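The structure appears below as structure tokens.
Computed from a predicted structure; not experimentally measured.
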Amino acid sequence: MIADPYLGCCRVFTHPRGDDYMRDLTLKYGEPIDLTDTVVGISLSTEEFPRD
């Protein structure tokens, strides 16, 4: 996951295969990051991520 406080968004890479990731998702701060279908198995809130 890459969090960008200047743009107010996160980029999330999941489901690695070889040298690449099968899923690449960009979300705005405030949207939850759903990782429940990964080995992490959680949903992460971005409501309080810092912004610049």
Side-chain angles (χ1 to χ4, degrees):
M1 180 180 80
I2 301 168
D4 187 332
Y6 299 105
L7 295 177
C9 66
C10 296
R11 191 152 177 206
V12 183
F13 301 91
T14 59
H15 298 82
R17 184 179 300 158
D19 293 339
D20 205 2
Y21 292 92
M22 299 296 97
R23 294 190 189 166
D24 176 357
L25 179 63
T26 301
L27 300 164
K28 293 185 179 196
Y29 282 10
E31 297 180 69
I33 300 171
D34 183 7
L35 300 172
T36 55
D37 66 339
T38 69
V39 296
V40 179
I42 64 170
S43 182
L44 180 64
S45 172
T46 62
E47 290 286 331
E48 296 183 24
F49 278 23
R51 298 171 195 235
D52 275 342

Within this structure, what is the [atom1]-[atom2] distance for the pair [X] and [Y], rounded to the nearest 0.5 Å?
X   : Y   : atom1 : atom2 : answer
D34 : L25 : CG    : CG    : 9.5 Å
L7  : D52 : CG    : CG    : 11.0 Å
I33 : F49 : CD1   : CZ    : 5.0 Å

(request) Step through the shown structure and confirm whether more than 12 heavy atoms of other residues, nucleotides or ligands are within 6.0 Å of CZ on R17. (result) no

(request) Looking only at non-hydrogen atoms, find the nearest pair between C10 and Y29 and report the distance. (result) SG-CE1, 3.6 Å

(message) I need the minimum non-hydrogen distance between T46 and G30, along with the two atoms involved.
(response) OG1-N, 2.7 Å

(request) Using a 4.5 Å cut-off on heavy atoms from C-beta on, say whether the side chain of M1 contacts that of L35. (result) no

(message) Checking one residue: I2. Which other hydrophobic residues are in its cluster under the side-chain 4.5 Å linking rule?
(response) F13, Y21

(request) Only counting residues at least two apart or in another chain, list the ones meeting salt bridge (Lys or Arg N to Asp or Glu O under 4.0 Å) with D37. (result) R23

